[in-house]
Each structure stands twice: as C-alpha cells, then as structure tokens.
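This structure is a prediction, so every number in the text was calculated from the model and none was measured.
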Amino acid sequence: MIDKNYDEFLETTGASRNLVEDINNFLLDSNCKREIKTAKSGFTVSYLFRDTKKTLATFVCRKTGIKIRIFPQHLNEYMGFLDTLPAKMKKEIAKASVCKRLVNPNDCNPKCVMGYDFIMDKERYQKCRYMAFMPSITEESTPYIKRFLQNELLQ
C-alpha cells in the first residue's frame with residue numbers, strides 16, 4: 001500500500017531514513033496501526049495499539065533531527081531495562097521536563113495525563129509524559145528503541 005504522506009515524511013528524515021523505516025516496519029509487523037498528521041513543524045507519525053487504539057509511539061520532527069516519543073503504559077514491569085540504555089539516551093531522559101502534576105497536582109492542567117514516576121540507575125525520576133522518553137533516532141539508539149517498544153508490546 002502506498003501512503004503519500006508517509007513517503008513525504010520519509011523525505012524529511014534525511015540521514016535517519018533507514019533507521020526510521022526499520023522502526024516503522026517493526027511497529028507495523030507488531031500489529032500497530034500507523035496514523036499520519038501534518039503539523040506546522042512537519043509530519044507527526046503515530047503508532048497505535050490495534051486493540052486499545054492508545055498511542056505507543058510517535059515520530060517527531062525537530063530542528064535537531066528526528067526523534068521518537070514513546071508512551072510506555074507498563075514501564076513498571078520492565079523498568080530495569082532503562083539501566084541498560086546507552087549514556088546518551090539516559091542523559092536525554094534525565095534532561096526531560098519534570099511532571100508538575102506528579103510533584104504537585106495543582107501545578108498543572110487537571111486534564112493533563114500524568115507523567116512517569118520511575119527509577120533509572122538507582123535514581124528516582126518524575127518526568128513529563130510528553131518529554132520523558134523522546135530519544136533521537138541514531139545508529140546507537142535504534143536497537144534500544146526497538147527493545148523498549150518490544151517490552152511494551154509484550155505486556
């Protein structure tokens with residue numbers, strides 16, 4: 001099936017194209033549904049669990065390159081996996097915004113979906129749902145991104 005928007009999105013991925021296609025194929029082969037929307041910063045390509053229609057991951061275009069935002073729902077069941085991530089990915093997670101709602105529920109919009117409270121390398125983090133797990137797509141990160149997604153799909 002030819003998807004014009006997906007092909008246009010791929011054109012914007014530059015040097016990361018093969019890595020993006022690898023992750024895309026992995027998610028489609030894992031029975032996820034792909035949805036593509038156009039945004040002012042480019043395309044937003046999301047992958048949903050077929051059975052729940054909840055978003056598992058979304059490719060995000062940034063000036064710094066292509067990233068993938070992962071929305072784990074079962075992180076507590078495989079949290080130790082975070083300790084295996086490369087230093088660069090851990091640094092991206094550690095730098096992510098704190099979830100104001102977890103720290104003080106009155107500091108954020110009550111409609112905001114709460115973020116993630118997790119342990120990585122024996123340190124507790126409370127990170128925003130939209131910023132916590134948004135690694136850059138690189139040769140180093142792609143196998144870990146796929147493992148992260150696979151951990152979520154196996155739950």
(request) State whether E21 and R17 are salt-bridged, where the test is any N-O pair (Lys NZ or Arg NE/NH1/NH2 against Asp/Glu carboxylate O) under 4.0 Å. (result) yes

(message) Using 0.5 Å steps for rounding, measure from the NZ atom of K53 to the NZ atom of K33.
(response) 7.0 Å

(request) Considering non-hydrogen atoms only, spot the tightest contact between T64 and K67 and give its length. (result) OG1-CE, 4.0 Å

(request) Find out whether C61 and I66 are in side-chain contact, i.e. whether some heavy atom of one side chain is under 4.5 Å from a heavy atom of the other. (result) yes

(request) With rounding to the nearest 0.5 Å, note down the distance linking CG in D29 to CZ in F26. (result) 8.5 Å

(request) May I ask you to decide if the ring planes of F118 and F133 are parallel, tilted or perpendicular, using 30° and 60° as cut-offs? (result) tilted

(message) Is there a continuous path of hydrophobic side-chain contacts, each under 4.5 Å between heavy atoms, that joins F148 to M89?
(response) yes

(request) Considering non-hydrogen atoms only, spot the tightest contact between T84 and Y144 and give its length. (result) O-CE2, 3.3 Å

(request) Kindly indicate whether the side chain of C32, heavy atoms from C-beta on, has any atom under 4.5 Å from the side chain of L56. (result) yes

(request) Give the cluster check for I137 versus L28: same hydrophobic cluster or not, with ILVMFWY residues linked at side-chain heavy-atom distances below 4.5 Å. (result) yes

(message) Could you report the tightest heavy-atom contact between L85 and K90, atom names first, then the distance?
(response) O-CE, 3.1 Å

(request) Might you work through the side-chain contact (heavy atoms from CB on, under 4.5 Å) test for T55 and E35, ending with a clear yes or no? (result) CA-CA 10 Å; T55 304; E35 284 186 354; over 6 Å; no

(message) Strictly distance-based, threshold 3.5 Å: is any side-chain N or O of D121 a donor or acceptor partner for the main-chain N or O of E123?
(response) no

(request) Apply side chain to side chain donor-acceptor pair (under 3.5 Å) to S46 and list each qualifying residue two or more places apart in sequence or on a separate chain. (result) T58

(request) Using modelled atom types only, decide if a donor and an acceptor are shared between the side chain of K146 and the backbone of I23 within a distance under 3.5 Å. (result) no

(message) How long is the straight-line distance from OH of Y116 back to NZ of K127, given to the nearest 0.5 Å?
(response) 14.0 Å

(message) Do L102 and M134 land in one hydrophobic cluster if side-chain heavy atoms of ILVMFWY residues count as linked below 4.5 Å?
(response) no

(request) Find the distance between CG (L19) and OG1 (T138) and round it off to the nearest 0.5 Å. (result) 7.5 Å

(request) Give the intermediate values and the outcome of side chain to side chain donor-acceptor pair (under 3.5 Å) for residues S16 and T13. (result) CA-CA 5 Å; S16 302; T13 61; over 6 Å; no

(request) Measure across G115 and C99 and return the closest heavy-atom pair with its distance rounded to 0.1 Å. (result) N-SG, 3.3 Å

(message) Is any side-chain heavy atom of L149 closer than 4.5 Å to one of Y47?
(response) no

(request) Look up atom CZ in F43 and atom OG1 in T12, then write down how far apart they are to the nearest 0.5 Å. (result) 7.0 Å

(request) Indicate yes or no: at least one non-hydrogen side-chain atom of E92 is less than 4.5 angstrom from one of S136. (result) yes

(message) A side-chain contact here means heavy atoms from C-beta on lying under 4.5 Å apart; do L27 and R34 qualify?
(response) no

(message) Which residue is it: R129, R124, R101? I am looking for the one with a salt bridge (charged side-chain N to carboxylate O under 4.0 Å, His left out) to D117.
(response) R124

(message) If you count every heavy atom of other residues, nucleotides or ligands that lies below 6.0 Å from K100 atom NZ, does the total exceed 12?
(response) no

(request) State plainly whether one hydrophobic cluster holds both L153 and V45, where clusters connect Ile, Leu, Val, Met, Phe, Trp and Tyr through side-chain heavy atoms under 4.5 angstrom apart. (result) yes

(message) Counting C-beta onward and ignoring hydrogens, is there a side-chain heavy-atom pair between D83 and M120 closer than 4.5 Å?
(response) yes

Sequence neighbours left out, cut at 3.5 Å: what donor-acceptor pairs do the side chains of residues 68-82 make with other protein atoms?
unit_1, atom_1, unit_2, atom_2, d
R69, NE, Y130, O, 2.7
Y78, OH, E152, OE1, 2.4

